[in-house]
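What you see is a predicted model; the values in this text were computed from it and never measured.
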2 protein chains.
Amino acid sequence: MASRSDTKTRILDAAEKLFAERGFSETSLRLITSKAEVNLASVNYHFGSKKELIRAVLARYLDVFMPAASTAIKRLHTAPSQASLEEIFSALVDPLLDLNDLRTEGTTIFLQLLGRGYIESQGHLRWFITTHYGQHLDTFVKSVSASAPHIPQAEMFWRLHFTLGTIVFTMASADALNDIAAAEFGEHNDIEAVIRKVIPYMAAGVSVPVASK
Amino acid sequence: MASRSDTKTRILDAAEKLFAERGFSETSLRLITSKAEVNLASVNYHFGSKKELIRAVLARYLDVFMPAASTAIKRLHTAPSQASLEEIFSALVDPLLDLNDLRTEGTTIFLQLLGRGYIESQGHLRWFITTHYGQHLDTFVKSVSASAPHIPQAEMFWRLHFTLGTIVFTMASADALNDIAAAEFGEHNDIEAVIRKVIPYMAAGVSVPVASK
DNA sequence: ATTAATTTAAAACACTCGTTTAAATTAAAC
DNA sequence: GTTTAATTTAAACGAGTGTTTTAAATTAAT
């Protein structure tokens with residue numbers, strides 16, 4: 001009786017781990033189904049195709065994270081004073097870390113999936129995210145722009161994409177970087193430590209005055 | 001008579017474009033050889049394997065860029081005053097742009113390849129780069145560290161990788177971003193303009209004081 | 001208890017992949 | 001000009017991919 005949705009969940013759980021670790025195209029359905037201990041054909045039965053499985057894996061996180069992030073940012077703006085850039089970025093940390101309650105290593109997996117998705121796929125995931133979660137993204141962009149009014153709109157466009165690159169690249173290779181950092185400096189960082197490291201970097205970059213030339 | 005090294009070059013030229021556009025594992029040898037108009041088996045004949053072809057593609061750029069970058073940075077340190085972070089990053093701009101003289105779109109292709117290499121492969125490229133060009137990387141890292149002595153070594157490790165992410169992601173999607181910027185803000189940037197935009201962002205992020213907590 | 005719908009299972013399909021083989025061709029050396 | 005070496009070619013190999021099919025088993029509904 002539990003078998004109905006159990007198979008679906010087993011597939012999603014196994015898939016997200018492997019996708020995050022090895023990337024989407026490097027992870028075969030056979031590897032997923034053997035880890036999940038389900039039949040190969042059940043992926044196509046429950047999800048239709050590998051592409052839709054990838055979207056389902058991401059949606060399971062985005063459906064939780066995006067509303068939580070929006071709420072956190074809107075709550076920040078109920079305060080009388082203008083929120084700083086660091087405050088805005090930091091407001092996303094709790095929604096991110098709460099994903100660890102959703103599933104073990106949820107935060108790490110989600111961020112790595114996001115990074116992989118943006119780098120690997122040529123568009124179908126980017127399209128999926130912007131069309132399904134565009135309003136939440138708007139909330140974030142407007143919030144950042146308001147807190148750095150000295151940055152022209154066009155310049156902010158570029159800097160937010162620099163920021164996207166910073167976070168996405170870092171998360172996609174977070175495991176590898178952590179291994180190096182551990183070997184080289186004896187540092188043992190969890191995902192939260194890396195997030196807290198990257199926030200000041202991004203906030204400083206986004207708000208640095210434009211060169212007068 | 002020109003056929004000898006011609007085939008090798010045709011393969012490299014076709015491969016680097018495709019690798020930069022679609023990634024390494026997404027690019028088949030059959031696609032490369034058909035674009036290069038050479039026989040499929042000639043890849044294995046001239047390079048041994050796909051893995052070694054990837055390394056050869058990258059080496060062709062690194063052999064030019066790395067010494068040029070090292071020289072530029074060392075020249076900077078002959079001046080009596082300590083070079084600023086922006087000066088150090090800017091010193092890399094010319095060696096980077098000079099790659100456009102090497103091959104059309106050389107700068108963009110090189111940066112995209114670098115990013116793909118760091119994200120995709122689990123280690124063999126990272127190993128290849130650090131063992132073959134480690135001295136040049138050291139020159140750069142030491143130079144940056146000296147100009148931001150308030151940043152601990154381990155923290156600098158992370159920030160330099162944030163920086164790598166910023167530049168690599170930006171360059172990978174520079175064409176698309178430029179199109180949007182042109183349509184949205186009437187801006188028409190070339191690759192150099194984008195590089196000049198990203199330098200203040202990265203310099204600010206790398207040198208921002210570490211949170212005392 | 002019987003029927004109907006859902007879910008699982010095993011096998012095959014139709015590709016694509018990197019690599020290898022062996023013959024044909026071209027270039028170089030003597 | 002003949003022999004030797006280097007290069008190019010076409011074809012096949014073996015392994016891996018996502019997907020589909022067909023049948024069996026399980027579950028739910030009548």
Item to complete: Kindly assign one of parallel, tilted or perpendicular to the pair A/Phe110 and A/Phe65, based on the angle between their ring planes and the thresholds 30° and 60°.
Response: tilted
Worksheet item: Can you say whether the rings of B/Phe89 and B/Phe140 are parallel (under 30°), tilted (30 to 60°) or perpendicular (over 60°)?
Response: tilted
Worksheet item: Closest heavy-atom contact between A/His136 and A/Ser70?
Response: CD2-OG, 2.7 Å
Worksheet entry | Basic-acidic side-chain contact under 4.0 Å: A/Lys17, A/Glu21 | no
Discussion item. Using ring centroids (six-membered ring only for Trp), state whether B/Phe128 and B/His124 fall under 6.0 Å.
Written reply: no
Item to complete: Give a yes/no on whether any side-chain N or O of B/Ser42 is located under 4.0 angstrom from OP1 or OP2 of D/dT9.
Response: no
Worksheet item: Under 4.0 Å between a side-chain N/O of B/His46 and OP1 or OP2 of D/dT8, yes or no?
Response: yes
Discussion item. From C-beta outward on B/Ser49, which listed nucleotide comes closest to its side chain: D/dT7, C/dT19, D/dA10?
Written reply: C/dT19
Fill in: Nearest listed nucleotide, side chain of A/Asn44, among D/dA12, D/dT20, C/dT7
D/dT20
Worksheet item: If the C1' atom of D/dG18 is compared with that of C/dT19, how far apart are they to the nearest Å?
Response: 22 Å
Worksheet, complete the sentence: One should report the stems of DNA chain C, each a stretch of at least three consecutive Watson-Crick or G-U pairs at distances under 3.5 Å, as C:2-16 with D:15-29, C:18-30 with D:1-13
Worksheet item: Given A/Thr107, which of A/Asp190, A/Asn100, A/Asp101 fulfils the side-chain hydrogen bond (donor to acceptor under 3.5 Å, both in side chains) condition?
Response: A/Asn100
Discussion item. For the backbone of A/Ala91 and the side chain of A/Arg75, can you confirm whether one donor and one acceptor N or O come within less than 3.5 Å of each other?
Written reply: no
Output one line per pair: protein atom, nucleotide atom from nucleotides 15-17 of chain C, and distance, for all N/O pairs under 3.5 Å.
residue, atom, partner, partner atom, Å
C/dC17, OP1, B/Ser28, OG, 3.3

